[in-house]
A.B. asks: 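First the structure, then my questions, so here it is.
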Number of protein chains: 2
Amino acid sequence: MEKTSTRGRPREFDTEQALAAALRVFWTKGYEGASLTDLTDAMGITRPSLYAAFGNKEALFRKALDLYGEEKLAYVGRALAAETARGVASNLLYGAIDTVTGDECRGCMGVMASVSCQSAEESIREDVSNRTESSRKALVARMEQAIADGDFAAPVEAETITRYLLAVLQGMAVQAGAGANREQLQQVAEATLAIWPSR
Amino acid sequence: MEKTSTRGRPREFDTEQALAAALRVFWTKGYEGASLTDLTDAMGITRPSLYAAFGNKEALFRKALDLYGEEKLAYVGRALAAETARGVASNLLYGAIDTVTGDECRGCMGVMASVSCQSAEESIREDVSNRTESSRKALVARMEQAIADGDFAAPVEAETITRYLLAVLQGMAVQAGAGANREQLQQVAEATLAIWPSR
DNA sequence: CATATTACGTACCACTCGATATGGAAAAGA
DNA sequence: TCTTTTCCATATCGAGTGGTACGTAATATG
């Protein structure tokens, strides 16, 4: 993947560091809202360097999405490992609060790309949609397990409870993007857990 | 507000009809995603006509928001008139489904503007934020009334239950924007009502 | 009819967008 | 040292952006 030839002039900037800066820009301004000038300014490199290192804007966004998934959504995988459905929900809700209320990176990139990016490259929305869908399926599987474990008092459908929980999480991301603070999001999380239909 | 002088050449297009077309474009593509070419093509008018009739793109968007609030969010006012908190929630949830799953206008403009429009005119986000906040306060007041009426079994805070319900509604809008169909959103609504903490 | 007022249509403005061609600087191997 | 390879920087590309100047057509008032 990465060119590792030893010949020629070595790169003067750190690729990972530049990618992290690009992620922050995409996170705050969205795909279409982030111009190449915004990106290169934040990354500290010139346009040709960006194209040489990352291909183009879309490829850079995809790599930023990869980094986002690895760093910022790691809590999702850990959340699924909780012992009960309530534990999974709790982990997801409070993990989302941490991710969604950054110092300057507010909201969720997946939500941004789903709601915005309407006129953007269809392939990007498709990519984000696929990532979201795979997480959703994992959560459905975990909820089926919880149902088999007898976690839920009343009978529930795994698809239904998953889609409901995702809606709450996405709604929290929306409110965070609109300026909600941590305390207000904790209210949502506590209310959700207070009426969560399982032990 | 509107020029009603009888002198001069009369306008050849219907202002309200053109505004409705602009609303559809803004709804599907967002504020920044909707170009003047998109707008004028859909409205069937030329650029100078648009600027003469509506001022500029931002003013047109605001008037489209007004129309959106009057036509598409009328159900919110009716929802608040329900007799119980559960009735309010039910009306809001199912009303949102109707609004959010149009034939070609999917999602919620308020959610779009909150999540997207990060780099757009700050005044627009502020405007949308104010509109959302006023609806939120009305819902808080209705929930306080419901608490006083003894609607809720367990003790709840009006601010908390409001923010929770809004999160579910916003999450449904996100899922609609991502392609969820009516049946899937009905699952979310039913799940929300099934665990709703009031009679 | 004459004139004022308004709307329409074309053609264009300055600007920004994402993306590149080009030329020189720097570092490796021969 | 010489060549090759790669990187960096300037300067630009064509396309598209929101917004307008200007000339013409159409209607109402006098």
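Quick note on labels: first sequence line is chain A, next is B, and so on, each numbered from 1. Values reported hereafter were calculated over all heavy atoms of this structure, with side chains retained and with hydrogens, waters and symmetry mates removed.
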A.B. asks: Tell me the interatomic distance from Leu50(B), atom CG, to dT20(D), atom C1', rounded to whole angstroms.
C.D. replies: 13 Å
A.B. asks: How long is the line joining CD of Glu58(B) and P of dT17(D), in whole Å?
C.D. replies: 19 Å
A.B. asks: Please tell me whether Thr46(A) and Ser49(A) have a donor and an acceptor in their side chains that are separated by less than 3.5 angstrom.
C.D. replies: yes
A.B. asks: Against Gln186(A), only a single residue in Asn181(A), Thr101(A), Ile97(A) fulfils side chain to side chain contact (heavy atoms under 4.5 Å, CB included); can you say which?
C.D. replies: Ile97(A)
A.B. asks: Would you kindly give the CZ-to-P distance between Arg11(B) and dA7(C), to the nearest whole Å?
C.D. replies: 5 Å
A.B. asks: What nucleotide among dA27(C), dG18(C), dA7(C) has an atom nearest to a side-chain atom of Pro10(A)?
C.D. replies: dA27(C)
A.B. asks: Round to a whole Å and report the spacing from OH of Tyr51(B) to P of dC22(D).
C.D. replies: 18 Å
A.B. asks: Tell me the interatomic distance from Asn56(B), atom CG, to dG19(D), atom P, rounded to whole angstroms.
C.D. replies: 5 Å
A.B. asks: When the axes are fitted on five pairs at both termini, how much does the helix from dC1(C)-dG30(D) to dA30(C)-dT1(D) curve, in 10° steps?
C.D. replies: 10°
A.B. asks: Considering all heavy atoms of both residues, which atom of Ser198(A) and which atom of Asp151(A) are nearest to each other, and what is their separation?
C.D. replies: CB-O, 3.1 Å
A.B. asks: Testing the 3.5 Å rule here: is there a donor-acceptor pair between the side chains of Arg142(A) and Thr162(A)?
C.D. replies: no
A.B. asks: Could you list by number each residue of residues 37-47 of chain B showing a heavy-atom separation from DNA chain D of less than 4.0 Å, or answer none if no residue does?
C.D. replies: Thr37(B), Arg47(B)
A.B. asks: Which nucleotide in the set dC8(C), dC7(D), dG18(D) lies at the smallest distance from any side-chain heavy atom of Phe13(B)?
C.D. replies: dC8(C)
A.B. asks: Kindly assign one of parallel, tilted or perpendicular to the pair Phe152(A) and Trp196(A), based on the angle between their ring planes and the thresholds 30° and 60°.
C.D. replies: tilted
A.B. asks: Grab the two heavy atoms, one from Trp27(B) and one from Thr99(B), that are nearest each other, plus how far apart they are.
C.D. replies: CZ2-O, 3.5 Å
A.B. asks: Could you tell me whether the side chains of Gln145(A) and Asp149(A) share a donor-acceptor contact shorter than 3.5 Å?
C.D. replies: yes
A.B. asks: Measure across Gln170(B) and Val111(B) and return the closest heavy-atom pair with its distance rounded to 0.1 Å.
C.D. replies: CG-CG2, 4.0 Å
A.B. asks: Which is more 5' along DNA chain D, the nucleotide nearest Glu12(B) or the one nearest Ser49(A)? Just name the residue.
C.D. replies: Ser49(A)
A.B. asks: Indicate whether the side chain of Glu58(B) and that of Ser123(B) have a donor and an acceptor atom separated by less than 3.5 Å.
C.D. replies: yes
A.B. asks: Separation of Leu36(A) atom CG from dC17(C) atom P, in whole Å?
C.D. replies: 8 Å
A.B. asks: When we call it a touch if two heavy atoms are under 4.0 Å apart, what does Pro48(B) touch: a base, just sugar-phosphate, or nothing?
C.D. replies: base
A.B. asks: To the nearest angstrom, how far is Phe61(A) atom CZ from dC17(C) atom C1'?
C.D. replies: 17 Å
A.B. asks: Once you round it to whole Å, what is the distance between C1' of dT16(C) and NZ of Lys57(A)?
C.D. replies: 12 Å
